[in-house]
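FYI, side chains are in, hydrogens and waters are out, and symmetry mates aren't considered; it's all heavy atoms of this structure.
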Amino acid sequence: MEIKGSVALVTGANRGLGRRFAAQLLERGAAKVYAAARNPESVDLPGVVPIKLDITDPASVRAAAELAGDVTLLVNNAGSSTGASFLGGSLEDARLEMDTHYFGTLVMAREFAPVLNRNGGGAILNVLSVLSWFTAPRVAAYSAAKAAGLQLTNGLRIELQDQGTQVTALHVGYMDTDMAAHVDGPKADPSDVAAQALDGVEKGDFEVVADEVSRRVRAGLSGDLAGQYPQLVS
């Protein structure tokens, strides 16, 4: 898909990776970029079209799809990170993760698929995570929701093939954004991650694995589980 001349909608575009996506889309010549956020007044990037959107609210998603009926590229970036574990975290936090990363993305796809179809097929970019493939107690609810998002992405790729809609998955570990401000250690540059992802969309890639930790975990999926979780045999 060619980004120049496209009409894009980016969820969670008021900060972090979403803001980088919106900025780079403008730089690459997108004709219009809808910058979606729960509070559109928080969108401060010149040149975009702020739009109110809460992906966990189907009525909000439906209204956005009606307003942005010219979209040809959908970037599902909005996220949550509660830090909930399976046994110690609250069920409300676990539901929020699933409502955001699985059901929210599903509702976005269901509402925008007809829009993309009318506009020639277009593309969807789903922001996933290295945690689609790996889990730990402090990210358990998040990783479960991202794993569900991975299978959603795979299924959408198949279901949308006939209408010519390309579906790309982005996998990345921690990035230098507000969401990961508490994390020590290496973090990817979100501008670089956005650039890799948009390059992948333009090339028609099925997935973009944007950092070394994600590439390492991806490569290890065919091995024994003890390789991923050595604490199980310690």
Side-chain angles (χ1 to χ4, degrees), residues 1-14 16-38 40 43 45-55 58-79 101 104-128 149-150 152-172 190-191 193-208 210:
M1 174 183 180
E2 186 174 0
I3 288 175
K4 184 177 181 179
S6 67
V7 176
L9 186 148
V10 182
T11 65
N14 57 324
L17 180 61
R19 193 178 190 279
R20 269 71 162 198
F21 272 128
Q24 292 202 23
L25 286 162
L26 290 174
E27 292 173 8
R28 292 177 185 229
K32 185 190 296 184
V33 178
Y34 292 102
R38 285 191 180 95
V43 175
L45 181 64
V48 300
V49 180
I51 183 172
K52 184 177 178 61
L53 175 61
D54 177 355
I55 68 167
S60 177
V61 176
R62 191 172 306 114
E66 291 173 356
L67 179 64
D70 51 351
V71 165
T72 60
L73 170 60
L74 173 63
V75 180
N76 285 313
N77 164 77
H101 299 291
T105 304
L106 174 59
V107 173
M108 288 292 295
R110 289 168 69 99
E111 292 293 340
F112 277 92
V115 174
L116 295 171
N117 190 28
R118 289 195 300 270
N119 295 328
I124 297 174
L125 172 63
N126 286 343
V127 177
L128 300 176
L150 171 58
L152 170 61
T153 302
N154 290 335
L156 289 173
R157 191 177 293 121
I158 296 168
E159 289 197 42
L160 294 173
Q161 184 177 15
D162 287 346
Q163 74 171 44
T165 298
Q166 168 190 322
V167 181
T168 300
L170 168 64
H171 295 275
V172 64
S191 294
V193 172
Q196 289 187 59
L198 294 177
D199 286 347
V201 169
E202 292 206 289
K203 290 186 293 183
D205 291 343
F206 293 139
E207 69 176 8
V208 175

Looking at residues at least two apart in the chain, or sitting in another chain, which of them share a side-chain hydrogen bond (donor to acceptor under 3.5 Å, both in side chains) with [X]?
| X | answer |
| --- | --- |
| N14 | S42 |
| Q24 | none |
| T105 | none |
| T153 | N126 |

Of all heavy-atom pairs between [X] and [Y], which one has the smallest distance, and what is that distance?
| X | Y | result |
| --- | --- | --- |
| L128 | A169 | CD1-CB, 3.7 Å |
| A78 | I55 | CB-CD1, 3.9 Å |
| G200 | V208 | CA-CG2, 3.8 Å |
| P190 | L17 | O-CD1, 3.4 Å |
| L26 | G47 | CD2-O, 3.8 Å |
| V43 | A37 | CG2-CB, 4.1 Å |

| query | Does the side-chain contact (heavy atoms from CB on, under 4.5 Å) test come out yes or no for T72 and M1, once each step is laid out? | reply | CA-CA 9 Å; T72 60; M1 174 183 180; 3.6 Å; yes
Could you give the distance from [atom1] ([X]) to [atom2] ([Y]), rounded to the nearest 0.5 Å?
| X | Y | atom1 | atom2 | result |
| --- | --- | --- | --- | --- |
| Q166 | Q161 | CD | CD | 11.5 Å |
| L45 | R20 | CG | CZ | 11.0 Å |
| L74 | L116 | CG | CG | 6.5 Å |
| N76 | L125 | CG | CG | 8.0 Å |

| message | Would you say that M108 contacts L53 through its side chain, given a criterion of any heavy-atom pair below 4.5 Å between the two side chains? | response | yes
| Can you check whether Q196 reaches L170 side chain to side chain, under 4.5 Å on heavy atoms? | no
With a 3.5 Å distance limit and no angle check, can you tell me whether [X] reaches the backbone of [Y] through a side-chain donor-acceptor pair?
| X | Y | value |
| --- | --- | --- |
| R38 | D54 | no |
| E111 | V61 | no |
| T11 | N77 | yes |

| said: For E159, is the CD atom crowded, meaning more than 12 foreign heavy atoms sit under 6.0 Å from it? | reply: no
| message | Test of understanding: with side-chain contact (heavy atoms from CB on, under 4.5 Å), list the residues that count as partners of R110, not counting sequence neighbours. | response | L106
| task | Under the side-chain contact (heavy atoms from CB on, under 4.5 Å) rule, collect the residues that match up with D205, sequence neighbours excluded. | result | K203
Let me have the donor-acceptor pairs involving side chains of residues 27-36, under 3.5 Å, with sequence neighbours excluded, atom names and distances please.
residue, atom, partner, partner atom, Å
R28, NH1, D199, OD1, 2.9
R28, NH1, E202, OE1, 3.4
R28, NH2, A195, O, 3.2
R28, NH2, D199, OD1, 3.1
K32, NZ, Y34, OH, 3.2
K32, NZ, D70, OD2, 2.8
Y34, OH, D70, OD1, 2.8
Y34, OH, D70, OD2, 3.4

Atom pairs and distances, side-chain donor-acceptor, residues 117-124, under 3.5 Å, sequence neighbours left out:
residue, atom, partner, partner atom, Å
N119, ND2, G69, O, 3.1
N119, ND2, V71, O, 2.9
N119, ND2, V115, O, 3.1

